[in-house]
Visitor: 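Once you've had a glance at the structure underneath, I'll fire off some questions.
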Amino acid sequence: MNRKTNVKVVTVGIFIATFMSAIEGTIVTTAMPTIVGSLHGIEIMNWVFSIYLLTNAMITPIYGKLADKIGRKPIFIVGISLFVLGSALCGLSDEMLTLIISRGIQGVGAGAIMPVSLTIIADLYDIEKRAKVLGLTSAAWGIASVFGPLAGGLIVDTVGWHWIFIINVPIGLGLIALLQYFYIEEKKIRQAKKMDIFGSLFLMLTLVSLLLGFQLLGDEGISLAVMALFAVSIVSLILFVRTERRAEDPVINLQLFNNPTFASVNVVAALISGFLMSLDVYIPMWMQGVLGKPAGLGGLVLAPMSLVWMYGSFLSGQLLSKYSAKRIIVIGLLIILLGGGTLVALPQQSPFWLFFIITGVLGVGFGLAVTTTTVEAQASVPKEEVGVATSFNMLSRTIGQTVMVSLFGIILNIANDQQLARAEIHDQDIMNRLINPQTALQIEAGLRTELRQILFNSLHWIYVAGLLLIIFALIFSFMVGKQSKRVKLNGQE
């Protein structure tokens, strides 16, 4: 008797895998001061985060293609295995360079977890149920944003920072066993077509040079290295497109971009994700630097957004059975526009509690818009391209985040520098001391008040830029078709 996939158990496994990947960012951030104190190397500590994001983004579209070509199950298990290997090596690291290399391996594994898990969800659930299940995966990110800092602090203070990585090993091995037994995937018919190796290499080179270029741009501004990286990304992109047009089985079928719905939902996803960086990075800075709140409270303001995001995802599932994806995306974007507009209009001494309401409202908008763009990206392509479509949607969001976090950093630095020059304040490090609650009180009271006004004005321009992103997203959302090809369970329309 042939066994069938246990949908509930596999869904729980996907939730755990997503949570394991999501909590990695928040838990490592909390532990980083202790890690630096143990391994030293503060001058290269940013690479602990950067290498993870770069390798993750670089490999994501390749996994999407392999998931379509070979199968979801083997690629998912390979991704979790690499993540577990990277985690074990991170936990065993005794110097910063070793930790950075191990994080790169961890990122290569993580590059499979999100896109392939979302692809499996697309296989197991029809359109309406899929959005609700995606709400559960969104909940994993929300729970991780709250639980991660707490767990990170507890682990570091008790058994040591190494265990924030080592704890992934038994969880990952358990997941592999669970998927191996309970997830029964139909065997793929092996195709004789050659793997698009050159296209894959050019795509990875394009992504690495582009994302690294924007990261350096945010860190040090325009430089020869930045211009060289952008030049490499342009040349490799041209070579990638030429290769894909001739490839027998391209890693990304360029014909997908002839579909206005597929193209537009991915642009919308990138723009929304870019705006999200203005919240994740700069709301805590607002709380600490402008309002003078402790670091813990600064991050806690974002918790309503992460948790209410899940409700927005559930709501999108209900609305998809009644309305077009375009309408739901527009509603979500209008809610985000309302929240973003409120941030632009807020005065400097806005009450702390008001930010909980604003981020909660934004969470509903994100849940509606982001979930629907994912579902629509999957639904707008043939079933055999769902893996590629899902991974490209994830890649679009990563690019949007990476590009905008760099541009927001440039906006902040320019605005701060101009205002400090006008105020004839020449201490280059004073803004760093202001946004750290432990050092802010060391600044003379009158000067501290002036600096908080400067920081508030600079943050205002970041949210003006963020508002423009949402306006552009609204424009692109009108290109989403009213009815796209709905790919449902077992190929039924």
Side-chain angles (χ1 to χ4, degrees), residues 57-72 75 111-112 115-116 118-120 122-123 127 130 188-207 210 233-271 324-326 329 372-400 473 475-488 490-493:
M58 173 186 77
I59 205 71
T60 290
I62 312 301
Y63 280 132
K65 181 64 180 179
L66 291 173
D68 285 335
K69 191 178 180 72
I70 298 173
R72 324 307 194 202
I75 299 306
V116 180
L118 295 180
T119 305
I120 294 173
D123 292 339
I127 295 292
R130 191 185 309 168
K188 294 275 182 183
I189 299 174
R190 296 283 179 177
Q191 298 176 344
K193 295 179 181 179
K194 294 180 180 178
M195 183 67 186
D196 182 17
I197 295 175
F198 284 107
S200 301
L201 292 174
F202 286 134
L203 177 59
M204 288 191 288
L205 183 59
T206 301
L207 294 172
L210 176 70
S233 68
I234 292 170
V235 172
S236 54
L237 177 61
I238 294 169
L239 292 172
F240 168 71
V241 171
R242 290 182 62 183
T243 303
E244 295 305 273
R245 285 175 176 167
R246 297 196 301 265
E248 184 181 9
D249 187 21
V251 64
I252 295 180
N253 185 354
L254 299 182
Q255 296 298 318
L256 292 175
F257 299 98
N258 294 334
N259 180 341
T261 292
F262 178 78
S264 56
V265 294
N266 283 302
V267 172
V268 170
L271 292 169
S324 67
K326 175 198 277 188
I329 292 172
T372 307
T373 60
T374 301
V375 172
E376 197 64 6
Q378 295 171 335
S380 63
V381 302
K383 189 173 182 180
E384 61 271 16
E385 300 276 8
V386 169
V388 169
T390 305
S391 64
F392 189 81
N393 182 259
M394 292 296 301
L395 177 63
S396 299
R397 288 155 64 176
T398 301
I399 292 174
I475 294 170
F476 278 99
S477 70
F478 289 105
M479 295 173 60
V480 178
K482 290 184 179 179
Q483 297 293 333
S484 61
K485 184 179 179 181
R486 300 289 188 184
V487 183
K488 294 197 176 185
N490 298 326
Q492 296 177 353
E493 295 289 336

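Scope of the values below: all heavy atoms of this structure, side chains included, with no hydrogens, waters or symmetry mates. Count residues from 1 along the sequence.
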Visitor: Can you tell me how far the CG atom of Leu395 sits from the OH atom of Tyr63, to the nearest 0.5 Å?
Guide: 14.5 Å
Visitor: Could you please spell out the steps behind the side-chain contact (heavy atoms from CB on, under 4.5 Å) verdict for Met204 and Leu201?
Guide: CA-CA 5 Å; Met204 288 191 288; Leu201 292 174; 3.8 Å; yes
Visitor: In sequence, state the C-alpha distance, the side-chain angles, and the governing distance for Phe240 and Leu205, and then conclude on side-chain contact (heavy atoms from CB on, under 4.5 Å).
Guide: CA-CA 9 Å; Phe240 168 71; Leu205 183 59; over 6 Å; no
Visitor: Can you measure from OG1 (Thr243) to CG (Leu254) and round to the nearest 0.5 angstrom?
Guide: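 Between Thr243 OG1 and Leu254 CG, I get 10.0 Å after rounding to 0.5 Å.
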Visitor: To the nearest 0.5 Å, what is the distance between OG1 on Thr390 and CZ on Arg72?
Guide: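 It comes to 7.5 Å.
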Visitor: Do Thr398 and Thr60 have side chains that get closer than 4.5 Å, going by heavy atoms?
Guide: no
Visitor: Could you give me the CA-CA distance, side-chain angles and deciding distance for Asn393 and Gln378, then say whether side-chain contact (heavy atoms from CB on, under 4.5 Å) is met?
Guide: CA-CA 9 Å; Asn393 182 259; Gln378 295 171 335; over 6 Å; no
Visitor: Do Thr373 and Ser396 come within less than 4.5 Å of each other through their side chains, counting heavy atoms only?
Guide: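 The answer is no, as the side chains (C-beta and beyond) never meet within the 4.5 Å cut-off.
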Visitor: Which value, rounded to the nearest 0.5 Å, describes the distance between Met394 atom CE and Thr119 atom OG1?
Guide: 10.0 Å
Visitor: Would you give the length of the straight line joining atom CD1 of Ile329 to atom CZ of Phe476, rounded to the nearest 0.5 angstrom?
Guide: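 Between Ile329 CD1 and Phe476 CZ, I get 13.5 Å after rounding to 0.5 Å.
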Visitor: Looking only at heavy atoms, what is the nearest atom pair of Ala122 and Val386, with distance?
Guide: CB-CG1, 3.9 Å
Visitor: Taking Thr261's backbone N and O only, do any of them form a donor-acceptor pair with Glu376's side chain (distance below 3.5 Å, no angle check)?
Guide: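 The answer is no, because no donor-acceptor pair under 3.5 Å joins these two groups.
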Visitor: Are Thr372 and Val265 packed together at the side-chain level, in the sense that at least one heavy-atom pair is separated by less than 4.5 angstrom?
Guide: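 No, every pair of side-chain atoms sits at 4.5 Å or beyond.
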Visitor: Indicate the atoms forming the closest heavy-atom contact of Pro61 with Ser391, along with that distance.
Guide: CA-OG, 3.7 Å
Visitor: Looking only at non-hydrogen atoms, find the nearest pair between Ile62 and Val251 and report the distance.
Guide: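 Nearest heavy atoms, Ile62 then Val251: CD1-CG2, 3.9 Å.
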Visitor: Shortest non-hydrogen contact from Leu207 to Ala57?
Guide: CD1-O, 3.5 Å
Visitor: Does any N or O in the side chain of Asn253 come within less than 3.5 Å of the main-chain N or O of Glu385, such that one atom is a donor and the other an acceptor?
Guide: no
Visitor: Would you say Phe257 and Asn266 make side-chain contact, with heavy atoms under 4.5 Å?
Guide: no
Visitor: Minimum heavy-atom separation for Pro250 to Glu244, with atom names?
Guide: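 Heavy atoms of Pro250 and Glu244 come nearest at CB-OE1, 3.2 Å.
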Visitor: Nearest 0.5 Å, what's the OG-CG distance between Ser236 and Leu210?
Guide: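 Rounded to the nearest 0.5 Å, the OG-CG separation comes out at 8.5 Å.
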Visitor: Grab the two heavy atoms, one from Ile59 and one from Gly111, that are nearest each other, plus how far apart they are.
Guide: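 Heavy atoms only, the tightest pair is CG2-CA, 3.8 Å.
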